[in-house]
Amino acid sequence: MFNTDMLVFLICPVSHLALYYDTERQYLISADGQNEYPIVNGIPVLMPNNAMEE
Amino acid sequence: MSKYENYDAISENYDKTRTAVGIEIVLGYISSLNKDREKLQILDAGCGTGNYALELKKHYPNIWCADFSMGMLSKCQQKFAQREQQVNLLRCDITKLPFRDGSLDVVICNQSLHHLDEPGNNFKHLAEFLRQAARSLQPDGLLLINTITHQQLHDGVWWGDLIKPAVERMKLRFTTDEQLAALLAQAGLTMTNRVVALDTIIQQHGYFDPGSLFDKTFRDGDSHFSLLTPDELAGMLQQLEKMREHGELEAYIHERDRLRRDIGQFTYYVIGKK
């Protein structure tokens with residue numbers, strides 16, 4: 001569902017580091033492993049954790 | 001991240017009152033970049049249900065749609081899927097754009113920026129969005145902002161005078177031209193043009209219908225109404241009903257709409273990097 005071509009353009013909105021795709025868990029994870037972002041129905045939710053429920 | 005409208009809830013009815021008004025302006029400016037359209041990366045920041053993105057997709061293959069509301073994004077996803085078209089969807093805060101530096105050619109933002117800031121915070125979030133857009137754009141990139149001037153807020157719709165308290169509250173959420181120019185300068189951006197489509201009506205179907213404001217679905221398509229108190233809304237509807245009973249409503253609409261014809265309903269700001 002997730003289009004991996006998007007990773008060429010995207011970065012972590014917190015650290016501005018590159019993201020890698022955890023296919024098993026359906027998450028995008030920042031290169032330093034500090035920030036994780038779920039992919040929901042194929043849509044990456046690239047929001048800092050504390051902003052998720054705003 | 002609107003604090004005064006629940007976009008997840010209204011996403012179902014959103015398309016009944018919204019279309020890609022002014023899309024010809026967007027397409028004109030993108031084509032004037034004279035870049036290979038196969039390579040152009042175009043972001044619709046605050047894409048809603050994707051009305052602009054769907055139009056852009058007819059001409060450009062690489063479209064990105066970003067929104068804070070999952071409800072809006074799901075609707076957008078459905079619309080692209082129905083057309084069997086591919087689009088890159090992102091749920092994000094547009095003041096924290098998750099794009100690499102210089103990765104985008106075009107950023108468009110339609111009728112979204114007034115949702116970023118609460119009144120009184122000096123457009124702090126708008127300033128951040130502009131900085132992020134500047135960072136994400138290529139040196140010759142283009143930012144197109146579709147918004148409403150203070151005069152258009154009041155006189156760009158025939159009912160502006162009837163909902164004056166909401167219009168006054170709304171003005172606190174929209175920059176003046178001077179404020180926007182200052183924020184752009186701080187972000188390393190510069191305004192190259194302002195474009196107003198005088199004959200284009202955001203609400204399209206139903207705008208001239210004297211009964212439209214009695215319909216909640218129609219009112220939900222215009223965020224002004226959510227800034228009225230229940231008493232103010234009831235008072236406005238009573239006033240409308242009285243005019244309707246006296247057979248005066250159509251003449252009122254016609255008279256007020258003369259102002260709209262002079263100033264238009266919305267303004268596109270054409271912006272580049274300094």
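Numbers restart at 1 for each chain; the letters A, B, ... are given by sequence-line order, proteins then strands. Because the structure is a prediction, the values reported are computed rather than measured.
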| said: Looking at A/Asp22, I'd like to know if its CG atom is crowded, meaning that more than 12 non-hydrogen atoms belonging to other residues, nucleotides or ligands lie closer than 6.0 Å. | reply: yes

| request: Scan for side chain to side chain donor-acceptor pair (under 3.5 Å) pairs involving residues 98-107 of chain B, sequence neighbours excluded, and state none if there are none. | output: B/Lys35-B/Asp105, B/Asp101-B/Arg135

| note | When rounded to the nearest 0.5 Å, the distance separating CG of B/Asn88 from CE of A/Met6 is 4.5 Å

| Less than 4.5 Å apart, any side-chain heavy atom of A/Leu10 and any of B/Phe99? | yes

| Of all heavy-atom pairs between B/Lys96 and A/Pro13, which one has the smallest distance, and what is that distance? | O-CB, 3.5 Å

| message | I'd like to verify something: which residue of B/Leu104, B/Leu97, B/Asn62, B/Leu89 has the highest number of heavy-atom pairs under 4.5 Å with chain A? | response | B/Leu89

| query | Has the side chain of B/Gln77 got a donor or acceptor atom that lies under 3.5 Å from a matching backbone atom of A/Asn41? | reply | yes

| query | Taking C-beta and beyond as the side chain, do B/Arg91 and A/Pro44 meet within less than 4.5 Å on heavy atoms? | reply | no

| Where do B/Met70 and A/Val45 land on the side-chain contact (heavy atoms from CB on, under 4.5 Å) test, with the steps shown first? | CA-CA 9 Å; B/Met70 202 51 155; A/Val45 180; 4.2 Å; yes

| said: For B/Lys39, is the NZ atom crowded, meaning more than 12 foreign heavy atoms sit under 6.0 Å from it? | reply: no

| Roughly how far, to the nearest 0.5 Å, is SG of B/Cys92 from CD1 of A/Ile43? | 11.5 Å

| Side chain, backbone, both or neither of A/Val40 within contact of chain B (heavy atoms, under 4.5 Å) | both

| For atom CG of B/Asp36, is the number of surrounding heavy atoms from other residues, nucleotides or ligands below 6.0 Å larger than 12? | yes

| Region of A/Leu7 that comes under 4.5 Å of a non-hydrogen atom in chain B | backbone

